[in-house]
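Worksheet for the structure shown next.
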Protein chains: 2
Amino acid sequence: MADTAAAADAADTRSDGAENSAPVPERLLTAATRLFAERGVERTSVQELVDTAGVTKGAMYHYFASKEDLLFAVYQRVLAMQMRRLEERAQAGGPVRERLHEAAADVVRTTVENLDDMVIYFRSLHMLSPERQSEVRGERRQYHERFCELIEEGQRQGVFRTDVPSDIVANQYFGAVHHLGMWYRSAGELGGADIGGYFADLLLSELRPG
Amino acid sequence: MADTAAAADAADTRSDGAENSAPVPERLLTAATRLFAERGVERTSVQELVDTAGVTKGAMYHYFASKEDLLFAVYQRVLAMQMRRLEERAQAGGPVRERLHEAAADVVRTTVENLDDMVIYFRSLHMLSPERQSEVRGERRQYHERFCELIEEGQRQGVFRTDVPSDIVANQYFGAVHHLGMWYRSAGELGGADIGGYFADLLLSELRPG
DNA sequence: ACCAACATACCGATTGGTCGGTTCCGGCCG
DNA sequence: CGGCCGGAACCGACCAATCGGTATGTTGGT
C-alpha cells in the first residue's frame, strides 16, 4: 500500500515539487487508513487527516461528502479486494480440499498485508450510518456465503465432515482471521504466509471426517 | 473505586421508592455497558450515560475520574470474570481433553451471555490511555497463556498434535470467540451452549494427532 | 467564459469536565 | 438526648476547547 504510493510517485510523469504526487483521493484513502487504524476514527480529526495527506480541507470535501463517506470508501476498497481474491481461488481447478486450503491461506496473507484495513473493518462499523452498515454487512454476507459454498461442496463430496454446519466453521475461521489485527505484529518471526499455512491446516483438520 | 462500592452497599439498606435502587456505581457500569456496546464509546455522551443510569453528572464524576475511567472499569470487570472461570476449569480434575473442552465451551457461553462486554472489549481498546491499554493487554496475556498451558499439557501427554504451536491454536480459537460479537444474535435458533459445543468440538478436532 | 479543483477563514453545535454549593448521616460532646 | 459538625454523596449550571462542516474566494486548464 505504501509502496504503491511510491510507485505511483515514481511513475508519475509530471514532477511537481518534491514528492506525494499521487492523486488526491488516493492520498486521502491512504492517510485515512493509517490514521483510522492507529488512533481510531473518532480520535482522528479531519484536520489531522488532511494534514497527513498533504492536502487541505477544501480538497477533501471536494471529493468526499463527509468524514463518514471517506470511512465508507475504505470499507468498499477492502471488501472489493477480498471478494475478488476469494472468487479467483474458488473458481480455480483442482480438488476442493486444495481450493479451500488455498483460499483460507490467502485470506490470512492479505489480511496480514493490509492489517490497517482489517483493524478498521472490525472496529469501526458502528461509525457508519445504519444504511451503510447494512450495505457493508450485505457484501460481507456474500463473501461469507461464497466461503460456505466451498465447504458444502466438500461435504457433498464426502471429503469434509457433515456433523458441523458450514456456517459455524466459516464464522469460526473468519473470527480467527479478523482477530489477527489484535495480536499479529510484523515484528514476530512468523510471516503472513506462515500463519496462513497453519490456519489453513487447522481448518482442514477440523473438517476431516470421522 | 472498590471501597466506595462497599460503602454504598452498606448504606443501601433503605428501599427508596419503586425500583433501580442498586448502588450508583453499579448502575453506571450497567448503563455504560449497554450504551457503549450499542452506539460505541465516542457516540455516547456523558449526559446520555448519566440520564440512562438515572443519576447526575456530579454523581458520576464523584465515583469515576473520567469517562475513560468508567470504560476501564468495564474492562476490569469482564477480565476478572473470564480469568476466574478459566482458572476454575483448568484446575478441575479429569483428563486434559475434557478440561480443555469444558473451558473452551465455557468461554463461548459466557461470551454469549455477556455479548455487550465483549463487543466493547474488542472494539474500544484504543479509547483507553496507552498505560491502561498495556494493563488490559497484560491481563489478557495471562489469560491467553493459561489457555496455552492447557494445550501444552495435552501435547506433552501425547493426546494433542505437536506440529502446530499452542500459541497459534489459542489465538485462532479466541479470535473466533471474540468474533461472536459480530455475528451472533440471540434471535438465532442456536444458543450459547450449542455454539460452545460446536466450537469446542472443532478445537479438539484440530488438536487430534496424526 | 466556464467549470473542476482546490484553498482559507470561519461558525454553530456539542462535549467532557469543573466548581461552588447543598443534602444527608453517623458520631461526638455537653 | 439534642445540637453540632465533618465529610461523603450528590447536584446542576457553566465553560473552554474542539470538531465537522460550509461559504466564499482563487486558480488553471480548455
Quiz item: Does the gap between the ring centers of A/F72 and A/F64 come in under 6.0 Å?
Solution: no

Quiz item: Between B/S205 and A/E206, do the side chains contain an N or O donor and an N or O acceptor separated by less than 3.5 Å?
Solution: no

Practice problem: List the protein contact pattern of nucleotides 7-23 of chain C with one symbol per nucleotide (5' to 3'): B for base contact, S for sugar-phosphate-only contact, - for none; contact means a heavy-atom distance under 4.0 Å. | Solution: BB------SBBB-----

Quiz item: Taking the six-membered ring for Trp, is the centroid-to-centroid distance between A/H179 and B/F174 below 6.0 Å?
Solution: no

Exercise. Find the distance between CG (A/L115) and CG (A/L180) and round it off to the nearest 0.5 Å.
Key: 7.0 Å

Practice problem: Write down the distance between CG (B/L28) and C1' (D/dA9), rounded to a whole number of angstrom. | Solution: 13 Å

Practice problem: Would you indicate, yes or no, if D/dA9 has its OP1 or OP2 atom less than 4.0 angstrom from a side-chain nitrogen or oxygen of B/H62? | Solution: yes

Practice problem: Whole angstrom is fine here: how far is it from CG in A/L49 over to P in D/dG21? | Solution: 12 Å

Self-check item: Atom-to-atom span, OH of A/Y63 to P of C/dC3 - whole angstrom
Solution: 17 Å

Practice problem: Grab the CZ-C1' distance between A/R27 and C/dA5 for me, whole Å please. | Solution: 13 Å

Quiz item: Mind checking what makes salt bridge (Lys or Arg N to Asp or Glu O under 4.0 Å) contact with A/R123, not counting sequence neighbours?
Solution: none

Practice problem: Verify, without hydrogens or angle tests, whether A/Y75 (side chain) and A/R132 (backbone) share a donor-acceptor contact under 3.5 angstrom. | Solution: no

